[in-house]
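Step one of this worksheet: look at the structure below.
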Amino acid sequence: MKVTKKIVLEEHDMPTQWYNIVADMVTKPQPMLNPQTREPITQKDLEVLFSKGAAEQELSTERWIDIPDEVRDLYRIYRPTPLVRASGLEKALDTPAKIYFKNESVSPVGSHKLNSAIPQAYYNKIQGIQHLTTETGAGQWGSALSIACKHFGLDLKVYMVRLSYEQKPYRKSVMHTYGATVIPSPSDTTEAGRAMRAQYPNTPGSLGMAISEAVEVALQQPNTKYALGSVMSHVCLHQTIIGLEALKQMEIAGDYPDVVIGCFGGGSNFAGISFPFMRNNLVNGAKTQFIAAEPALCPKLTQGKLIYDYGDTEGFTPLIPMYSLGHDFEPAAIHAGGLRYHGAGAILSQLLKDGLYEGRDIDQLDSFKAGVLFSQVEGIIPAPESTHAICAAIQEALKAKEEGKEKVILFNLSGHGLIDMASYDRYFAGDLH
Ligand SMILES: *Cc1c(COP(=O)(O)O)cnc(C)c1O
């Protein structure tokens, strides 16, 4: 019998609300703190940096939050995204497991990041904000926010981690094409950047550093706000559209996942694919296992400590209760730039503490090996970040084979790697360790 390769939803089946897992958590996440007063952060505090809409969602305990029509209209450019049966991968592994992936690489910028970029730009626009600043690691978030800002008529300045700026020049070209200004970080344009360069002249930069620069500009320049592409609860909320669609699609496929997997940088795509399914663990007694695949060289989930820490290097952001390697942690120059971040968001940290999911460390060479196999049997070249999820899915499929079990595995393909071919070249040249 032929398996259905692709499960697609009609546009009118696209979810109309995002899912806020906080409403269903037994132990609520610890509050973020105002770094000056050390009191729980208020919406007013958050509004200094973020749009009103984002600030409100950050603290919301409502279970379902409406997706504005203007946001849904833009989502329709690429959503609903397909759920794909990885039949080629199943065959290559000779596994009894059924493997599915949600294909977020079909967005015009090639990743899931647009799911949050669109609403964030929208909430700033309706508030009359004219300028946004942000950081970008691998360039995925910067690209996504660039097109979202262009659509809503906002001007955008992107601080891009210097290592990525040099390794991924085409990402910069994408942002330019969409009309954004791109500055390699640390830079000489901010106090934070100049201080960092004085202290570490050859630093490849990090997301934490780039955030410091973007926040500094947002605080000093009039009519300017800042937008963050991961970690924050409102970002995780926006990404739940991934899992909400996948829930419907798995139902059409007639399967329910035993294991759900996502790669993990700050946690937003993992939250997106997993929270709607985790809800069934929390309220309906489902027993799905959730695995967050992180780089062994940036192991905040398995090696980090749950502490109050800053989201950036300089300490401009609120104090976030997070599993963290320390805000001054300098991650190794791995190629999965989007996973080079020191901490996990507040909701995700509480869920980890409560054992609702596990972190799994993936070695860089194993991740590329998995990415190459996936490219050859499924035809999509995955982003270096996404190869971590693929690698964990392969591990689970091989385990199912050993145990002779027919297991259902779902992972999120967070993005494609077509702008990351230099990383693949280095892998093939034996340059990665
Ligand atoms: C940014 C990015 C990630 C990591 O970020 P999360 O917030 O953890 O999802 C993963 N994959 C891709 C393709 C990315 O662009």
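Both counts, for ligands and for their atoms, begin at 1 and track the order of listing.
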Short side-chain donor-acceptor distance under 3.5 Å, [Y] and [X]:
| X | Y | answer |
| --- | --- | --- |
| S386 | S414 | yes |
| R63 | Q17 | no |
| E213 | S187 | yes |

Subject >> 4.5 Å side-chain heavy-atom contact, I409 and P257 >> reply: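 The answer is no, as the side chains (C-beta and beyond) never meet within the 4.5 Å cut-off.
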Original post:
Between L49 and K225, is any pair of side-chain heavy atoms under 4.5 Å apart?
Top reply: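 A side-chain contact is absent here, since even the closest heavy-atom pair is not under 4.5 Å.
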Under 4.0 Å from ligand 1, counting heavy atoms only, is it the side chain of [X], its backbone, both or neither?
| X | answer |
| --- | --- |
| F264 | backbone |
| V231 | neither |
| K113 | side chain |

Distance under 4.0 Å to a non-hydrogen atom of [X]: what atoms of ligand 1 satisfy this?
| X | result |
| --- | --- |
| S414 | 10 (C), 11 (N), 12 (C), 13 (C) |
| Q140 | 13 (C), 15 (O) |
| L339 | 4 (C) |

Determine the interplanar angle of the [X] and [Y] rings, folded into 0 to 90°, and report it as parallel if under 30°, tilted if 30 to 60°, perpendicular if over 60°.
| X | Y | answer |
| --- | --- | --- |
| W18 | H238 | tilted |
| F50 | H234 | perpendicular |
| H342 | H327 | perpendicular |
| F101 | F411 | parallel |
| Y78 | Y75 | perpendicular |

Nearest protein heavy atom with distance in Å, relative to [atom]:
| atom | value |
| --- | --- |
| atom 8 (O) of ligand 1 | G265 N, 2.6 Å |
| atom 7 (O) of ligand 1 | S230 OG, 2.4 Å |
| atom 4 (C) of ligand 1 | G338 O, 3.4 Å |

Original post:
Would C263 count as a contact of ligand 1 if the rule is a heavy atom under 4.0 Å away?
Top reply: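 Within the 4.0 Å threshold, so yes.
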Original post:
For W141, is the nearest heavy atom under 4.0 Å from an atom of ligand 1?
Top reply: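 No.
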For [X] and ligand 1, does the shortest N/O to N/O distance drop below 3.5 Å?
| X | answer |
| --- | --- |
| G415 | no |
| S268 | yes |
| H112 | yes |
| F270 | no |

